[in-house]
Enquirer: 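Shown below is the structure under consideration.
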2 protein chains.
Amino acid sequence: MSHTAGIRQNQKLKTRQALLDAALLLLEHQSLSSLGLREVTRAAGVTPTAFYRHFADTAALGVALVEETLGSLHGLIAAVLAETGDSQERVDRSVEVIARHVGAQPAHFRFIAREQHGGVGPVREAIAAQLFRFAEEVACALGQEPGSAGWSEEDLLMLGGFYVDHMVMTASALLDAGPENERAVVRQARRRLRLVSIGRAHWLDEAPARDGELDEAPARD
Amino acid sequence: MSHTAGIRQNQKLKTRQALLDAALLLLEHQSLSSLGLREVTRAAGVTPTAFYRHFADTAALGVALVEETLGSLHGLIAAVLAETGDSQERVDRSVEVIARHVGAQPAHFRFIAREQHGGVGPVREAIAAQLFRFAEEVACALGQEPGSAGWSEEDLLMLGGFYVDHMVMTASALLDAGPENERAVVRQARRRLRLVSIGRAHWLDEAPARDGELDEAPARD
DNA sequence: CAATTCAGTGAACACTCGTACTCCGAACGG
DNA sequence: CCGTTCGGAGTACGAGTGTTCACTGAATTG
């Protein structure tokens, strides 16, 4: 009933995808808040009124784009982290996977990087929610490693979020750099991740606790 | 001749500032690419045509905003890093300074975070240039510390850039979180910085070199 | 004290925009 | 097979946009 063809529903999905693709193409050189409804439909080859059959706003279209881009990525990083090998090897693999995905779908990631802090509220929230899910997944994967013995859940989530944020940072750096500087960006991203890995290995050595105390009595002025 | 009052030039600067302020106010809820010229002049209390006496584009206005926000910050972080104290103390101070500045001028930093990867090319480039200058300054400050013995210039710049990127990340996290969660964000930012500091202290211990080799022979597939 | 510069005005231009209508015709369900 | 559903087309409207042009009048200059 739901997954059968249905000529009509099929065509609807087709033009919906055409709208998404056209929007993504236009968003390569502008941001969502300046993207016009008519502009999208013109690029997609349909009339402006047809847009309303699929999305209420350009904001709704943006949310759909977020899920198209990030929704299919869940479990990927966690899978990479769950692989065998020492820490440096896994760092290299992670960066490689990111670089490959960004290289394969530049427009999608440019959109995410641009709208993560963009002017459209719902889209920002959708991206934040997806990235938080990533952070949780990474934290969970990290927690199952032997190297995470003695780590609190909060610290694991902190580390997972750090990795995710760094991933996004690297992705947008790759996009800003262009193919000729890709090597240098990858090289630097690896080093930063390695720095974090080293810090992680020695995390429990120095000044582990007593953080809350400092937190509760900060210099007010 | 140049720095004397001049009633006329004074008034011109005044309305220029009015335009900048009005724009910043409007940019709190939208991004630059969707900011209209008329919208700005209306909020500033001048006619649309008066805009052209000060800026060619809204893009040019954006660049001016970038320099207003980031231009006055140079040397600040470097000064903090040059202070006395152990590494953890400096980390706390840095985060505190960032939080204070973001709290004092939220709109400015929201603008920077939003337009860093936004849809307006010249503004993106202006922000990137300023942030790179920050990275250089931080790297320079780090290089003069005893703890940086044996570090290559490239690694220092990597670390400086990392700190700067983290600063921007923290700033936008503070803005996204709102005052009620500010504590938690500050707490997490501190921990991340501490993680990096620990990694920095042990950077030269493990697998320092042979990075170039791996770089030249990456897995092509 | 003229002459001139120039920041800001006000009206008009030719657009694009989002949205509300009516209408068509192919796919659908009984 | 026939009535219904519904994705999409076409038209029209009011509002808002960037930019132009000739202008005014106070500050500046010699």
Side-chain angles (χ1 to χ4, degrees), chain A residues 1-23 25-65 118-123, chain B residues 1-23 25-27 29-65 115 118-123:
Chain A
M1 184 196 274
S2 63
H3 62 294
T4 41
I7 299 183
R8 211 163 202 178
Q9 195 145 353
N10 205 309
Q11 258 297 332
K12 180 168 183 180
L13 286 178
K14 206 167 180 178
T15 61
R16 183 191 140 102
Q17 194 58 45
L19 286 170
L20 288 172
D21 292 349
L25 197 70
L26 293 167
L27 285 170
E28 214 142 355
H29 299 295
Q30 57 185 309
S31 50
L32 185 63
S33 57
S34 73
L35 186 68
L37 180 154
R38 296 181 99 108
E39 201 177 353
V40 177
T41 58
R42 201 183 308 134
V46 294
T47 54
T49 40
F51 184 91
Y52 293 107
R53 304 285 184 191
H54 303 275
F55 309 103
D57 284 321
T58 50
L61 181 141
V63 172
L65 273 178
V120 184
V123 173
Chain B
M1 183 199 272
S2 62
H3 62 294
T4 41
I7 298 183
R8 209 163 204 178
Q9 196 145 353
N10 204 309
Q11 258 297 333
K12 179 167 183 179
L13 286 179
K14 207 168 180 176
T15 61
R16 184 191 139 102
Q17 193 60 44
L19 286 170
L20 288 172
D21 293 348
L25 197 71
L26 293 167
L27 284 172
H29 299 294
Q30 56 184 308
S31 49
L32 185 64
S33 57
S34 73
L35 186 69
L37 179 153
R38 295 182 101 109
E39 198 177 355
V40 177
T41 58
R42 199 182 310 134
V46 294
T47 53
T49 37
F51 185 91
Y52 293 107
R53 302 287 182 193
H54 304 276
F55 308 102
D57 284 321
T58 49
L61 182 141
V63 172
L65 273 178
E115 301 301 329
V120 184
V123 173

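Note on naming: letters A, B, ... go to the chains in the order of the sequence lines (proteins, then strands), and numbering restarts at 1 for each one.
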Enquirer: If you compare all heavy atoms of Phe55(B) against all heavy atoms of Ala64(B), which two are closest, and at what distance to 0.1 Å?
Expert: CE2-CB, 3.8 Å
Enquirer: Going from OG on Ser34(A) to NE2 on His29(A), what distance comes out if it is rounded to the nearest 0.5 angstrom?
Expert: 12.5 Å
Enquirer: What are the two closest non-hydrogen atoms of Val123(A) and Ala59(A), and how far apart are they?
Expert: CG2-O, 3.7 Å
Enquirer: If you look at every heavy atom in Leu61(A) and Phe51(A), which pair is closest and at what distance?
Expert: CD1-CE1, 3.6 Å
Enquirer: Working to the nearest 0.5 Å, report the span between NZ of Lys14(B) and CG of Leu19(B).
Expert: 14.0 Å
Enquirer: List in chain and number order the residues that pass side-chain hydrogen bond (donor to acceptor under 3.5 Å, both in side chains) with Asp21(A), two or more places apart in sequence or in another chain; answer none if no residue qualifies.
Expert: Gln17(A)
Enquirer: Specify the closest pair of heavy atoms between Gly36(B) and Thr58(B), including all atoms of both residues, with the distance to one decimal.
Expert: C-CG2, 4.4 Å
Enquirer: With rounding to the nearest 0.5 angstrom, report the CG to CG distance, Leu32(B) to Leu26(B).
Expert: 11.0 Å
Enquirer: Give the first and the last nucleotide of DNA chain D, reading 5' to 3', that has any atom under 4.0 Å from a heavy atom of chain B.
Expert: dT17(D) to dT28(D)
Enquirer: Between Lys12(A) and His54(A), does the side-chain contact (heavy atoms from CB on, under 4.5 Å) criterion hold? Intermediate values first, please.
Expert: CA-CA 8 Å; Lys12(A) 180 168 183 180; His54(A) 303 275; 3.3 Å; yes
Enquirer: Residues of residues 45-60 of chain B with any non-hydrogen atom less than 4.0 angstrom from an atom of DNA chain C: list those, numerically ordered, please.
Expert: Val46(B), Thr47(B), Thr49(B), Ala50(B), Arg53(B), His54(B)
Enquirer: Write down the atom of Leu35(B), the atom of Ala23(B), and the distance for their closest heavy-atom approach.
Expert: CD2-CB, 4.2 Å
Enquirer: Would a distance-only check, ignoring hydrogens and angles, find a side-chain to backbone donor-acceptor pair under 3.5 Å from Glu115(B) to Gly62(B)?
Expert: no
Enquirer: For residues 30-43 of chain B, which residues have at least one heavy atom under 4.0 Å from DNA chain D?
Expert: Gly36(B), Leu37(B), Arg38(B), Arg42(B)
Enquirer: With sequence neighbours excluded, what pairs up with Glu28(A) under the side-chain hydrogen bond (donor to acceptor under 3.5 Å, both in side chains) test?
Expert: none
Enquirer: Provide the start and end nucleotides, 5' to 3', of the part of DNA chain C that has atoms under 4.0 Å from heavy atoms of chain A.
Expert: dC17(C) to dC28(C)
